[in-house]
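Below is one structure, written out as structure tokens; the observations come after it.
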Protein chains: 2
Amino acid sequence: MDRLPSAKIRDSLEQRIVEGELGNGKRLDETELSSFYGVSRTPVREALQRLAESGLADHLPRRGTFVRSPSLSQLVEMFEVMAELECMAIRLAARRATANDIDALEKDNETCRAAVAANDTKKYYEVNARLHGRIYQMSGNSFLAIEARRLHDRLRPFRRLQLRVRGRMEESMAEHDIILAALRDGDADLAMETMKKHITIVGVRFNDLVSSFNQIMGDE
Amino acid sequence: MDRLPSAKIRDSLEQRIVEGELGNGKRLDETELSSFYGVSRTPVREALQRLAESGLADHLPRRGTFVRSPSLSQLVEMFEVMAELECMAIRLAARRATANDIDALEKDNETCRAAVAANDTKKYYEVNARLHGRIYQMSGNSFLAIEARRLHDRLRPFRRLQLRVRGRMEESMAEHDIILAALRDGDADLAMETMKKHITIVGVRFNDLVSSFNQIMGDE
DNA sequence: TACAACGAAATTGTATACCAAAACTTGGAG
DNA sequence: CTCCAAGTTTTGGTATACAATTTCGTTGTA
């Protein structure tokens with residue numbers, strides 16, 4: 001699998017954006033990026049076009065391309081949609097999951113729990129993402145899986161908002177437990193209900209959210 | 001609003017794809033397109049990158065860019081997700097709709113009904129799209145509105161599948177009526193339930209679907 | 001100081017020419 | 001007919017040039 005430089009650049013930029021290295025309206029200078037990646041402007045421009053198309057950047061004609069960090073209200077909207085997609089995935093997964101699938105989830109969940117105990121947030125995020133990705137796959141709807149993963153990735157830098165709230169990490173683990181148990185029982189309704197609560201940030205007090213948000217975004 | 005040539009080409013290609021002019025794995029030749037649009041290869045290549053990113057085309061390294069027509073199973077998956085998004089939109093809209101909003105919907109619905117009576121399918125599709133778009137807006141979640149519209153557009157050439165089935169058009173109108181009435185009553189549950197039925201193609205018999213699909217796609 | 005106008009510098013968008021690498025085509029040879 | 005090799009085509013990318021704008025800095029003025 002020999003990917004093209006332009007595709008690699010696109011992915012690298014995506015990663016650097018969602019990891020926060022390039023944040024908050026940062027200008028993506030074509031010549032600067034071409035020297036950074038050691039290529040000419042052409043592949044860089046193509047990468048930027050694709051970033052803009054996928055919504056991670058904003059392209060203003062003859063002005064430049066800028067990292068698009070969603071506003072707080074857009075962020076809430078995105079989480080609202082994410083909750084719906086996760087809900088849908090778990091509902092389908094509850095119908096289609098095999099014992100093997102659920103075992104794999106349990107395993108991830110235990111790894112997650114260990115990460116919480118060890119206070120290893122990096123590990124937690126990583127395994128958590130894998131767990132949710134597994135659920136998307138288990139839904140049996142590959143289009144849903146792709147879209148959910150895309151949105152999940154895009155929300156990654158903001159997901160920690162959910163965990164800033166005191167005790168949220170333990171609560172989150174408890175929700176995972178309930179969801180997995182519901183999956184084993186084939187109780188789609190309980191799984192959905194818990195998942196919606198699990199994802200949504202509506203329950204987070206608005207002030208907490210705004211302050212965390214400003215911390216992440218650099219406040220200005 | 002002076003758009004760039006590359007953006008215009010991208011949109012033109014998108015339109016030509018969803019309208020069916022460029023269908024089913026059609027190769028998008030860079031030099032051919034550049035002479036067609038009277039520009040050099042550069043802006044064409046950028047337009048193709050964006051098309052591929054948005055999922056309307058497939059980009060195979062060093063082989064070319066091809067119109068991506070979803071397989072039948074992918075199509076079912078996409079409609080499944082579409083139903084979920086529409087459901088979500090109508091649920092939110094039921095909470096937030098003003099009398100004015102609903103009046104506008106009623107007006108579109110009447111225009112729709114007239115189009116059905118006159119057997120004017122083109123008009124029907126157009127107004128139907130406007131009506132659904134209005135519901136997305138009414139959800140108050142602009143991110144949902146954008147995503148729903150994007151998927152709606154991508155499914156446009158296949159939406160007629162739903163209407164191929166005998167009597168589906170009248171049934172569809174009846175569903176619109178129920179949804180609007182439910183909106184007026186603030187009955188989100190009824191609106192959602194009807195909307196889900198309205199969008200989903202699961203109810204369509206599989207054979208009907210396959211044969212219609214093959215007709216559209218050129219069968220081969 | 002504040003500010004408006006003007007011009008220089010920088011950046012984007014496209015054109016053009018060119019080339020390497022990979023894929024496709026074609027024309028036998030067996 | 002199948003297989004293989006040479007030639008052709010197409011893509012991905014470099015380098016360069018240049019028009020269209022935007023941005024920035026400076027100057028002149030109130």
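Every chain is numbered from 1, with letters handed out A, B, ... down the list of sequences.
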Contact under 4.0 Å: A/His59 side-chain N or O vs C/dT12 OP1/OP2: no
Pair B/Glu14 + B/Arg10, salt bridge at N-O below 4.0 Å: yes
Given DNA chain D, 5'-ward residue of the pair A/Arg62 and A/Ser6, judged by closest heavy atom: A/Ser6
Rounded distance in Å - CD (A/Gln49) to P (C/dT12): 12 Å
Closest-nucleotide ordering on DNA chain C, the 5'-leading residue of A/Arg63 and A/Thr42: A/Arg63
Distance in angstrom units between A/Leu60 CG and D/dT21 C1', rounded: 13 Å
B/Asp29 CG - C/dA23 C1' separation (whole Å): 14 Å
Mutual orientation of the aromatic rings belonging to B/Tyr136 and B/His152 [parallel < 30°, tilted 30-60°, perpendicular > 60°]: perpendicular
Salt bridge B/Arg156-B/Glu19, side-chain N to carboxylate O under 4.0 Å: yes
Separation of D/dT21 P from B/Leu4 CG (nearest whole Å): 10 Å
Nucleotide C/dT14, atom P - distance to CG of B/Leu48 in whole Å: 13 Å
B/Glu30 CD - C/dT16 P separation (whole Å): 16 Å
B/Arg41 to B/Phe36 six-membered ring, cation-pi geometry met (6.0 Å, 45°): no
Short side-chain N/O contact to D/dT11 OP1/OP2 from B/Arg41, under 4.0 Å: no
Interatomic distance, A/Glu32 CD vs C/dA10 P [rounded to whole Å]: 15 Å
Spacing between B/Leu33 atom CG and D/dT11 atom C1', to the nearest angstrom: 14 Å
